[in-house]
Amino acid sequence: AVLLFMDRKALKMVDYPLLLTFVFFFIFSGNMARIEIVKSVFSFLLQKSTFLFSVLSCQVISNVPSAILLSQFTNNYKELLLGVNIGGVGTLIASLASLITFREYTKQNKGQTGYYVMLFSAFNFAFLAILALLPSAVLVYEKNFVEPILVHTADTIVIEQKDTVWVEKTRSEEHTSELQSPITIS
């Protein structure tokens, strides 16, 4: 509202089509989450590999809307956050920043759109491959060699992982839980 009175010129410079594109990505994401078949498919795919599916989804609907959409189908936030952050590299649509730079480049360099897309894609997919391989290897290692050991008693769950023990107390009548600080084993 301040810009309306103080700087109308700034409002004229806003890239409304780009802004609307992202508004529609968010609307699309919200609506997709309500469709039963989408819920089933996304839950299945995220259960197989949250990291990989989140990286791939960013290539189609951008990383921020993808994060919002996929967060409704998984509790594996570590892999989701890694995936949507790394997934911001790749296609032009993977990140709002990429679309903005593309728009500015094409304004300044008319007739070189194909060159930009080719060079952008080559660099970004190379970076995507490099960035996705390292976390993938770490996640596979953690799943295969660093799985926590769960010990469950009536009112307490103890999760042991290497030299740290996490104690989670549950109050079944309230259906709440609180995670206490780790206890280091000497």
Side-chain angles (χ1 to χ4, degrees), residues 1-140:
V2 173
L3 286 177
L4 188 59
F5 297 107
M6 302 298 280
D7 191 4
R8 289 181 188 219
K9 185 179 175 185
L11 289 175
K12 290 179 183 177
M13 295 174 57
V14 172
D15 189 349
Y16 290 104
L18 185 62
L19 186 61
L20 286 173
T21 299
F22 275 83
V23 167
F24 288 122
F25 277 146
F26 286 106
I27 293 169
F28 171 79
S29 297
N31 287 332
M32 291 298 288
R34 293 185 181 105
I35 301 171
E36 276 308 313
I37 188 79
V38 171
K39 285 181 183 180
S40 299
V41 170
F42 281 14
S43 294
F44 173 78
L45 291 171
L46 287 165
Q47 192 174 30
K48 294 293 179 191
S49 177
T50 302
F51 175 73
L52 179 61
F53 186 63
S54 59
V55 168
L56 294 175
S57 69
C58 293
Q59 305 312 305
V60 181
I61 62 168
S62 192
N63 60 343
V64 175
S66 185
I68 291 169
L69 173 64
L70 299 180
S71 67
Q72 299 176 55
F73 303 106
T74 185
N75 291 326
N76 189 347
Y77 296 112
K78 178 181 180 181
E79 288 188 30
L80 178 63
L81 291 173
L82 274 171
V84 296
N85 279 297
I86 291 171
V89 178
T91 63
L92 274 171
I93 204 83
S95 171
L96 175 60
S98 298
L99 286 175
I100 292 168
T101 57
F102 175 69
R103 175 78 60 126
E104 290 304 311
Y105 181 86
T106 56
K107 281 182 188 176
Q108 303 299 319
N109 301 285
K110 297 191 184 322
Q112 294 186 351
T113 303
Y115 173 76
Y116 180 88
V117 171
M118 183 183 68
L119 196 58
F120 176 91
S121 297
F123 278 107
N124 272 273
F125 283 111
F127 283 132
L128 180 61
I130 292 166
L131 290 172
L133 286 176
L134 183 60
S136 293
V138 170
L139 293 169
V140 167

Item to complete: Could you tell me whether Tyr77 atom OH has more than 12 heavy atoms of other residues or ligands within 6.0 Å of it?
Response: yes

Worksheet item: Roughly how far, to the nearest 0.5 Å, is the CD1 atom of Ile61 from the CG atom of Leu70?
Response: 6.5 Å

Fill in: pair Tyr105-Gln112: side-chain heavy atoms closer than 4.5 Å
yes

Worksheet item: What pairs of residues pass the salt bridge (charged side-chain N to carboxylate O under 4.0 Å, His left out) test when at least one of them lies in residues 53-78, not counting sequence neighbours?
Response: Lys78-Glu142

Worksheet item: Do the rings of Phe102 and Tyr116 sit parallel, tilted or perpendicular, given the 30° and 60° boundaries?
Response: tilted

Worksheet item: Distance from Arg34 atom CZ to Lys39 atom NZ, nearest 0.5 Å?
Response: 9.0 Å

Worksheet item: What's the spacing between Thr101 OG1 and Phe120 CZ if we round to 0.5 Å?
Response: 6.0 Å

Discussion item. Please report the interatomic distance CG(Leu119) to CG(Asn124), rounded to the nearest 0.5 Å.
Written reply: 9.5 Å

Item to complete: Please report the closest heavy-atom contact between Phe73 and Ser43, naming both atoms and the distance.
Response: CD2-OG, 3.8 Å

Worksheet entry | Non-hydrogen side-chain atoms of Phe28 and Pro65 separated by less than 4.5 Å | no

Discussion item. Among Leu81, Leu128, Ile130, which residue satisfies the side-chain contact (heavy atoms from CB on, under 4.5 Å) criterion with Ile86?
Written reply: Leu128

Worksheet item: Is a side-chain donor or acceptor of Glu104 paired with a backbone partner of Leu99 at a separation under 3.5 angstrom?
Response: no

Discussion item. I'd like to know whether Leu131 forms a side chain to side chain contact (heavy atoms under 4.5 Å, CB included) with Val89, so could you lay out the CA-CA distance, the side-chain angles of the two residues, the decisive distance to 0.1 Å, and finally the verdict.
Written reply: CA-CA 9 Å; Leu131 290 172; Val89 178; 4.1 Å; yes

Practice prompt. Answer whether the closest heavy-atom distance between the side chains of Leu69 and Phe42 falls below 4.5 Å.
Written response: yes

Discussion item. If I take atom CZ from residue Phe24 and atom CG from residue Leu19, how far apart are they, to the nearest 0.5 angstrom?
Written reply: 10.0 Å

Discussion item. So, taking the atom named CG in Asn63 and the one named OG in Ser95, what distance separates them when rounded to the nearest 0.5 Å?
Written reply: 5.0 Å

Worksheet entry | Minimum heavy-atom distance between Gln59 and Gly90, given as atom pair plus value | OE1-CA, 3.2 Å

Discussion item. Could you check whether any side-chain N or O of Thr106 sits under 3.5 Å from a backbone N or O of Arg103, counting only pairs where one atom can act as donor and the other as acceptor?
Written reply: yes

Discussion item. Please check: side-chain N/O of Thr50 versus main-chain N/O of Leu80, any donor-acceptor pairing under 3.5 Å?
Written reply: no

Worksheet item: Can you tell if the side chain of Leu46 reaches within under 4.5 Å of the side chain of Asn76, non-hydrogen atoms only?
Response: no

Fill in: Student check: side-chain heavy atoms of Val60 and Ile93 closer than 4.5 Å
no

Discussion item. Strictly distance-based, threshold 3.5 Å: is any side-chain N or O of Ser57 a donor or acceptor partner for the main-chain N or O of Ser54?
Written reply: yes

Worksheet entry | Closest non-hydrogen atom pair between Cys58 and Gly83, with its separation | SG-O, 4.3 Å

